[in-house]
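The structure under discussion appears below in the form of structure tokens.
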Amino acid sequence: LDEILERINEGSEKYKINDFYVAVFSLDQSLCYGEGGQANGQNDESGCCVAHGGNASFVGMTWQQILDVQGVSSVRGRDLHNRLAGQLERGGSWLEYTLARDLDGGRTKIAFASRFVDRGIHYYVMTEFFGEHPPPTCDDCPGNMECTRDDQAFCDVAGPPFHETTGFIILLLVLLGVPCLAICFCWIGKKGEERLAKAH
């Protein structure tokens, strides 16, 4: 687990693409009190971030601290943490909430969380994003998308297919174009000679 958390915090492409990223929280907030924790003795009952693919500086913070740092006033850390934990009881599912900072009107965020246990500690891994769904993963790319690298996690839009017919047409244009250029240069040369002859 420690190696995976480290790769998430490093921004590995396996756990982050564009604005989509993975974060891991402990249900036990006491992890934020130990080494590397930033809770400063505050028990706001909003979990503890142990990995964050979007901003590694959030590691060791509670949900409430993360929201406070971003100036978010539309949702409380405890409420968001409890809603995510409630989703875990149903096997994990999507939820929406409004993320409004002090100076803006707010945007809808969509989040998904799923629970796992390591060495007796309960965690949830989650992803969240603004208003649109993330690209599909490489194990289920639709027809207009593809994965071309072994370490790729999300599908990219596929480039235009290069059919044999396209290749044949390009070859034909090249083969016809070279003689046509040669004929044009010969014609221009002859016209030039005729003009010079008339001038003399």
Side-chain angles (χ1 to χ4, degrees), residues 1-99 101 108-131 133-140 147 149-155:
L1 176 63
D2 294 338
E3 183 181 341
I4 292 173
L5 298 180
E6 186 177 343
R7 291 184 68 189
I8 292 171
N9 290 327
E10 289 172 349
S12 166
E13 285 188 7
K14 190 168 179 128
Y15 304 103
K16 182 178 186 296
I17 178 170
N18 300 328
D19 295 330
F20 306 109
Y21 57 82
V22 168
V24 181
F25 284 78
S26 166
L27 289 168
D28 181 3
Q29 186 176 322
S30 67
L31 291 182
C32 278
Y33 301 142
E35 185 180 346
Q38 303 183 57
N40 299 324
Q42 299 173 344
N43 186 7
D44 55 35
E45 299 178 358
S46 62
C48 178
C49 179
V50 295
H52 202 287
N55 189 337
S57 69
F58 293 158
V59 173
M61 291 185 180
T62 65
W63 258 118
Q64 187 59 54
Q65 288 177 304
I66 292 171
L67 297 173
D68 288 344
V69 165
Q70 298 178 89
V72 174
S73 55
S74 58
V75 62
R76 293 177 59 208
R78 180 190 300 177
D79 296 336
L80 182 55
H81 176 66
N82 288 339
R83 286 185 66 193
L84 288 163
Q87 300 293 75
L88 303 177
E89 300 302 324
R90 294 187 284 276
S93 60
W94 297 100
L95 67 84
E96 293 186 7
Y97 66 96
T98 300
L99 184 74
R101 294 182 172 86
T108 298
K109 257 204 165 181
I110 303 169
F112 181 91
S114 183
R115 182 197 299 263
F116 70 95
V117 179
D118 182 73
R119 291 169 277 191
I121 301 175
H122 291 259
Y123 300 89
Y124 57 85
V125 58
M126 63 164 294
T127 186
E128 59 178 351
F129 45 87
F130 287 107
H133 290 283
T137 56
C138 284
D139 55 359
D140 191 27
C147 285
R149 302 189 318 273
D150 292 338
D151 63 341
Q152 191 171 337
F154 298 95
C155 307

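- Taking CZ of R76 as the reference point, atom CD of E45 lies at 9.5 Å (rounded to 0.5 Å).
- For the pair I66/F25, a side-chain contact is recorded, criterion being any heavy-atom separation below 4.5 Å from C-beta on.
- Rounding to the nearest 0.5 Å gives a distance of 7.0 Å between SG of C49 and CG of N9.
- Across all non-hydrogen atoms, the minimal contact from H52 to V59 is N-CG2, 4.0 Å.
- Note that the CE atom of M61 and the CG atom of N55 stand 8.0 Å from one another [nearest 0.5 Å].
- Pairing each heavy atom of R83 with each of E96, the nearest pair is NH2-O, 3.0 Å.
- Taking the side chain as every heavy atom from C-beta outward, W63 and L84 approach each other to under 4.5 Å.
- Classified by interplanar angle (parallel below 30°, tilted 30° to 60°, perpendicular above 60°), the ring pair Y124/H81 is tilted.
- A distance of 5.0 Å separates CZ in F116 from CG in L1, rounded to the nearest 0.5 Å.
- Scanning both residues, V75 and L67, for their nearest heavy atoms gives O-CD1, 3.5 Å.
- A donor and an acceptor atom, one from each side chain of D28 and S26, are nowhere located under 3.5 Å apart.
- Side chain of Q29 to main chain of S46: a donor-acceptor pair is present (N/O by atom type, distance under 3.5 Å, no hydrogens or angles).
- In this structure, CE in M126 is found 12.0 Å from OG in S114, a value given to the nearest 0.5 Å.
- In summary, of the residues considered (Q64, Q65, Q70), a side-chain hydrogen bond (donor to acceptor under 3.5 Å, both in side chains) with D68 occurs for Q64 alone.
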Notebook entry, point to check: Between E128 and Y21, does a side-chain contact (heavy atoms from CB on, under 4.5 Å) hold up when you go through it step by step?
Noted result: CA-CA 7 Å; E128 59 178 351; Y21 57 82; 3.2 Å; yes
